[in-house]
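Working notes, beginning with the structure itself.
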Number of protein chains: 2
Amino acid sequence: MKVARPSLYQQVASELRRAIYSGDYGPGAQLPTEEELRSRHGVSRNTVRLAVAELVNEGLVTRAPRRGTIVRERRALLMHPQRELEPQPTGVPREAFAYAVSQEGRQPSQLIEVLTVKPAEDIASRLELDDGKLAVVRRRLRFVDGQPYNTNDSYFPHDLVAESEIARPGDIGRGANRVLEELGHAQIRVVDDIWARMPNQAEVERLQLELGTPVVVYVRVGYDREDTPVRVAVSVLPADKHLIRYELGSR
Amino acid sequence: MKVARPSLYQQVASELRRAIYSGDYGPGAQLPTEEELRSRHGVSRNTVRLAVAELVNEGLVTRAPRRGTIVRERRALLMHPQRELEPQPTGVPREAFAYAVSQEGRQPSQLIEVLTVKPAEDIASRLELDDGKLAVVRRRLRFVDGQPYNTNDSYFPHDLVAESEIARPGDIGRGANRVLEELGHAQIRVVDDIWARMPNQAEVERLQLELGTPVVVYVRVGYDREDTPVRVAVSVLPADKHLIRYELGSR
DNA sequence: ATCATCCATTCGTTGGTACAAATCCATCGA
DNA sequence: TCGATGGATTTGTACCAACGAATGGATGAT
């Protein structure tokens with residue numbers, strides 16, 4: 001059996017990884033500078049940078065000029081997707097995201113953009129829209145304590161919501177689901193699809209993602225009593241900030 | 001407002017990204033060689049490699065000597081976590097993963113390792129194990145059509161399963177959940193936690209992951225009628241091969 | 001005391017070179 | 001016909017050099 005000699009940069013990367021996982025460098029700690037690592041391992045600066053690039057891609061560290069290479073820390077916000085189907089707590093009815101965030105003592109806010117569009121193929125098919133039919137989309141960029149947190153684009157059949165509050169710009173304090181109810185199309189069943197991938201350029205900018213942060217894509221299709229899709233919500237969740245929880249079965 | 005000039009390698013990366021997304025290079029297609037890109041954009045090979053490295057980290061392409069840079073294709077296998085709680089289809093009772101895979105006309109297989117261990121802190125706390133209590137873990141590496149597909153490590157309280165089939169090596173054709181039932185500790189409620197991150201080195205090797213592939217971590221804690229945790233299952237799912245689906249609400 | 005400025009440090013980008021490793025494919029030999 | 005061999009191509013690793021950009025912290029001015 002041939003044992004491949006790991007390349008130099010792999011060796012350096014392994015050593016750094018070990019040091020981080022073993023706690024030699026805790027969250028917030030600065031790794032040795034590139035120059036330091038270069039002389040310590042007796043390799044070129046390029047090789048050091050290759051090694052550190054690995055850790056960046058793994059989401060372990062961040063780099064910035066003069067600040068150095070810093071070990072990241074992460075803390076996730078819990079999401080309970082199924083609670084949106086349950087009756088809201090008594091008192092002020094509240095949109096689900098805002099409610100969850102304020103529960104944790106943090107400050108939610110959002111930017112909303114409302115458009116009428118010809119939806120992309122996958123959205124149209126999930127909404128079961130015929131050929132050229134339009135959809136109203138509420139594109140939201142949500143913030144927690146002023147930092148971009150996630151995006152949520154909700155698509156509704158244009159025919160259904162054109163005359164409602166949903167098609168008009170601005171916040172809907174009580175949540176779009178409440179409006180759907182009032183229109184006689186309450187969601188009584190949902191299908192959630194969850195997967196993950198690396199973000200594209202636009203997402204990196206919009207969500208101010210650091211390198212090495214995957215995103216979880218979370219698509220919820222809501223159906224009314226006639227089993228007609230009335231809402232397709234596409235959320236893009238930076239993986240280091242979100243934990244999705246489902247509770248199934250009887251209590 | 002200052003408009004930062006994107007660096008050269010960013011420009012090259014953007015151009016390649018655009019070409020891929022627009023379909024100029026479909027899945028399986030080979031991008032121009034580094035030499036070709038170098039002369040076409042009038043930059044150094046270093047710069048070209050930096051650009052392509054971005055696409056690799058985004059999971060868009062793979063590289064190999066002589067094969068070139070190839071556009072990846074992905075096709076996900078659908079998972080229905082909640083089906084494990086429903087009564088199995090009539091006929092041969094079957095472990096959930098094997099059943100789902102064979103349903104798609106593909107060939108499941110797995111390697112199982114059964115150990116009695118002192119579980120890590122997070123597992124112990126989910127299992128609500130006191131201090132030094134042990135757990136039995138069934139570590140599985142699962143394959144589809146001979147390719148590594150995902151891992152599933154299931155932890156059980158040692159006191160509960162020590163005398164059962166679960167603590168013995170080898171396959172349990174009917175699934176561990178069935179054995180728990182027979183022990184009088186059927187799971188009647190589960191809590192699923194889902195998040196994503198970049199894989200660590202061990203996972204890259206074990207699952208033969210390509211660069212730029214995040215993993216979805218999927219943790220299910222199962223409780224019996226007394227609301228005692230009886231099973232903690234930790235699955236690591238390569239993101240490009242898995243789609244998780246939940247269906248909630250009334251039909 | 002407070003604020004603006006400057007400098008040194010550290011990572012970021014880009015150029016270059018050389019050789020190694022992997023593998024496709026054509027060619028040759030049995 | 002089929003398998004072994006070897007050459008050419010393409011990416012992988014490693015080194016060096018130079019300058020750009022960002023910023024923490026010291027210094028100096030008000």
Side-chain angles (χ1 to χ4, degrees), chain A residues 1-16 25 28-72 201 204-205 208-212, chain B residues 1-16 25 28-72 201 204-205 208-212:
Chain A
M1 187 76 168
K2 182 173 148 194
V3 178
R5 176 184 63 90
S7 51
L8 284 182
Y9 80 89
Q10 292 284 0
Q11 294 176 38
V12 176
S14 294
E15 164 59 19
L16 289 172
Y25 301 101
Q30 178 187 356
L31 295 192
T33 67
E34 294 178 351
E35 169 55 29
E36 166 71 14
L37 289 172
R38 191 196 61 66
S39 72
R40 182 185 301 180
H41 290 87
V43 298
S44 75
R45 184 171 163 231
N46 271 355
T47 301
V48 169
R49 282 186 64 78
L50 258 186
V52 178
E54 289 238 317
L55 307 190
V56 172
N57 289 330
E58 288 165 19
L60 276 181
V61 302
T62 328
R63 304 192 269 202
R66 186 62 239 247
R67 268 218 336 263
T69 304
I70 306 292
V71 179
R72 288 174 62 177
Q201 207 54 38
V204 168
E205 284 162 25
Q208 292 177 26
L209 296 177
E210 302 194 62
L211 285 176
Chain B
M1 188 77 167
K2 182 174 150 194
V3 178
R5 175 184 64 89
S7 52
L8 284 182
Y9 81 88
Q10 292 284 1
Q11 294 176 39
V12 176
S14 295
E15 163 59 18
L16 289 173
Y25 301 102
Q30 178 186 357
L31 296 192
T33 68
E34 295 178 350
E35 170 54 29
E36 165 71 14
L37 289 172
R38 192 197 61 67
S39 72
R40 183 186 299 180
H41 289 89
V43 298
S44 74
R45 186 172 163 228
N46 269 352
T47 303
V48 169
R49 282 187 63 78
L50 258 186
V52 178
E54 289 237 316
L55 306 189
V56 171
N57 289 330
E58 287 164 19
L60 275 181
V61 302
T62 328
R63 306 191 267 203
R66 186 62 238 247
R67 268 220 336 265
T69 305
I70 305 292
V71 178
R72 287 173 63 176
Q201 206 55 38
V204 168
E205 284 161 26
Q208 291 177 26
L209 296 176
E210 302 195 62
L211 285 176

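Throughout, a chain's letter reflects where its sequence line sits, starting with A, and its residues are numbered from 1. Only heavy atoms go into these numbers, but all of them, side chains included; no hydrogens, no water, no symmetry mates.
By the 4.5 Å heavy-atom criterion applied to side chains, A:Leu37 and A:Leu16 are counted as neighbours. Residues B:Val56 and B:Arg63 meet the side-chain proximity criterion, which asks for heavy atoms closer than 4.5 Å. Looking at heavy atoms from C-beta onward, B:Glu54 lies in side-chain contact with B:Gln10 at the 4.5 angstrom threshold. Annotation: side chain of A:Val12 is not in contact with side chain of A:Leu8 (no heavy-atom distance under 4.5 Å).
The line from CD of A:Glu34 to OG1 of A:Thr47 is 11.5 Å long, rounded to the nearest 0.5 Å. If you take CG on A:Leu211 and OG1 on A:Thr62, they are separated by 9.0 Å, rounding to the nearest 0.5 Å.
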Could you check B:Val71 against B:Leu31 for side-chain contact (heavy atoms from CB on, under 4.5 Å), going step by step and ending with a plain yes or no? CA-CA 7 Å; B:Val71 178; B:Leu31 296 192; 4.1 Å; yes

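A:Gln11 places a side-chain N or O within donor-acceptor distance of the main-chain N or O of A:Pro6, the cut-off being under 3.5 Å.
Going from atom CD1 of B:Ile70 over to atom C1' of D:dT9 covers 14 Å, rounded to whole Å. We find that CZ of A:Arg63 is positioned 11 Å from C1' of C:dT10, with the value rounded to whole Å. Spacing between atom CD of B:Gln30 and atom C1' of D:dT9 amounts to 10 Å, rounded to whole angstrom units. Between A:Leu37 atom CG and D:dC15 atom P the separation is 13 Å, expressed in whole Å. Going from atom CG of B:Leu211 over to atom P of D:dT11 covers 16 Å, rounded to whole Å.
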Within the sub-3.5 Å range, which N or O atoms of nucleotides 13-19 of chain C have a protein N or O partner, and how far apart are they?
from: C:dT13; atom 1: OP1; to: B:Tyr9; atom 2: OH; distance (Å): 3.3
from: C:dT13; atom 1: OP2; to: B:Tyr9; atom 2: OH; distance (Å): 3.1
from: C:dT14; atom 1: OP1; to: B:Leu8; atom 2: N; distance (Å): 2.4
from: C:dT14; atom 1: OP2; to: B:Leu8; atom 2: N; distance (Å): 3.2
from: C:dT14; atom 1: OP2; to: B:Tyr9; atom 2: N; distance (Å): 3.1
from: C:dG15; atom 1: OP2; to: B:Ser44; atom 2: N; distance (Å): 2.8
from: C:dG15; atom 1: OP2; to: B:Ser44; atom 2: OG; distance (Å): 3.1
from: C:dG15; atom 1: OP2; to: B:Thr47; atom 2: OG1; distance (Å): 2.5
from: C:dG15; atom 1: N7; to: B:Asn46; atom 2: ND2; distance (Å): 3.3
from: C:dG15; atom 1: O6; to: B:Asn46; atom 2: ND2; distance (Å): 2.8
from: C:dG16; atom 1: O6; to: B:Asn46; atom 2: ND2; distance (Å): 3.0

What protein N or O atoms touch nucleotides 24-28 of chain D N or O atoms at under 3.5 angstrom, if any, and at what distances?
from: D:dG24; atom 1: N3; to: A:Arg66; atom 2: NH1; distance (Å): 3.4

